[in-house]
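Residue numbering restarts at 1 for every chain, and letters A, B, ... go by the order of the sequence lines. Please read all numbers here as calculations on a predicted model, not as lab measurements.
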Amino acid sequence: MLQQTQVDTVIPYFERFIRAFPDVPALAAADQQAVLKLWEGLGYYSRARNLHKTAQLLVAQHDGELPGDIEALRRLPGFGPYTTAAVGSIAFGYPVPVVDGNVLRVFCRFWGIATDIRQPRLRTELQTRLTPFIAAAPPSAFNQAMMEVGALVCRPQAPRCNACPLQADCVAFQTGRTAELPVKSARKPVPHHQIVAGIVWKDEKFLLARRRQDQMLGGLWVFPGGKSKPGEAPATTLRREVHAKTGLRIRVGFPYCRVEHGYTHFKITLTAYRCEWRSGEAKALTSDEVRWVSLQEIGTYPLPKANHKVLEAVRDYERMQGNAG
DNA sequence: AAGACGGGGTG
DNA sequence: CACCCAGTCTT
């Protein structure tokens, strides 16, 4: 959960998650839907899919326990360089330094390194350079101390150098370059897409599609729809996309709402239309599964944030009309 | 070595 | 708005 997500954001998710799945066998036995539901809103859903996969793998191959050597840890789904080092050092005491976003910043400043921190090789270089030092302390304490210094003292903006235990030997501090280091190249501008989604009603239920595992938002349920072509009328897009993805013919009604949402590498304006089924049997043509769901049943389905915003508008309207909810 | 991959918190 | 976050996986 802590991969690319701040501790304060994670805490409530962690509490709920660990209450539902107190140990590895409990997680392994759960349905992916239930796991994703507890991850809903946290983002980077591959973390949840990998954690679940790893739990099942541990039960099947390692008696439900984590393997105790670094190479075996590294092979587990979701265990990259950081998590392998964190678990290896904190759980098993191996002297392997962790390099997270905090450590990267601390030592770019400390050693005056001006390499773009987007460069992947910088992480391995720092891990190598830190290895001689970790032997001087309990690895668990060393790693957590370095991350903590980054989070609380050597902050991105306005670092608290006067409270820093590394100040005396810090190149950035000595040379007055704490504001210039670390160096980070500008991110490319993100495209903005117009998306239309259909809430397709049939007999008090609407259609949801479960996105394929290897897609963005894989395993989550979404309203069918897709990207508008330039200048294309929304109803045209929607009829085309819904037919291509589910095989249904629909009647497009009015928009329930418009939602702005930002992802890591693009932005969307999502317009959600009330639609009615006309003909055809729903098929999972581009998804793993399609299902007719009522407003009463939807609570157990994990949805991405943008679809949740849509759902609220749907609820409000249908409640007002005294329909199906 | 690049991109893809979510969402929230902060100034 | 922009930047950041206890990164990982696929090309």
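- A cation-pi geometry, defined here as NZ or CZ lying under 6.0 Å from the six-membered ring centre and within 45° of its normal, does not hold between A:Lys205 and A:Trp292.
- For C:dA6, neither phosphate oxygen OP1 nor OP2 lies less than 4.0 angstrom from any side-chain nitrogen or oxygen of A:Thr5.
- A sub-4.0 Å separation between OP1 or OP2 of B:dG6 and a side-chain N or O of A:Gln3 is absent.
- Judged purely by distance below 3.5 Å, without hydrogens or angles, the side chains of A:Gln127 and A:Thr131 never pair a donor atom with an acceptor atom.
- Straight-line distance between the P atoms of C:dA6 and B:dC5: roughly 23 Å, to the nearest whole Å.
- For the pair A:Arg129 and A:Trp111, the distance from NZ or CZ to the six-membered ring centre is under 6.0 Å and the angle to the ring normal is within 45 degrees.
- A:Arg16 forms a cation-pi arrangement with A:Tyr13, by the criterion of a distance under 6.0 Å to the ring centre and an angle within 45° of the ring axis.
- Summarising the geometry, the separation between CG on A:Leu104 and P on C:dC5 is reported as 8 Å, rounded to the nearest angstrom.
- One finds a side-chain N or O of A:Lys188 lying less than 4.0 angstrom from the OP1 or OP2 phosphate oxygen of B:dG3.
- Taking atom CG of A:Asp214 as the reference point, atom C1' of C:dT11 lies 13 Å away to the nearest angstrom.
- Phosphate proximity of B:dA1 to A:Arg118: absent, as no side-chain N or O sits under 4.0 Å from OP1 or OP2.
- If you find the closest nucleotide of DNA chain B to A:Arg121 and to A:Gly41, the one lying nearer the 5' end belongs to A:Arg121.
- The C1' atoms of C:dC9 and B:dG8 are separated by 23 Å, rounded to the nearest whole Å.
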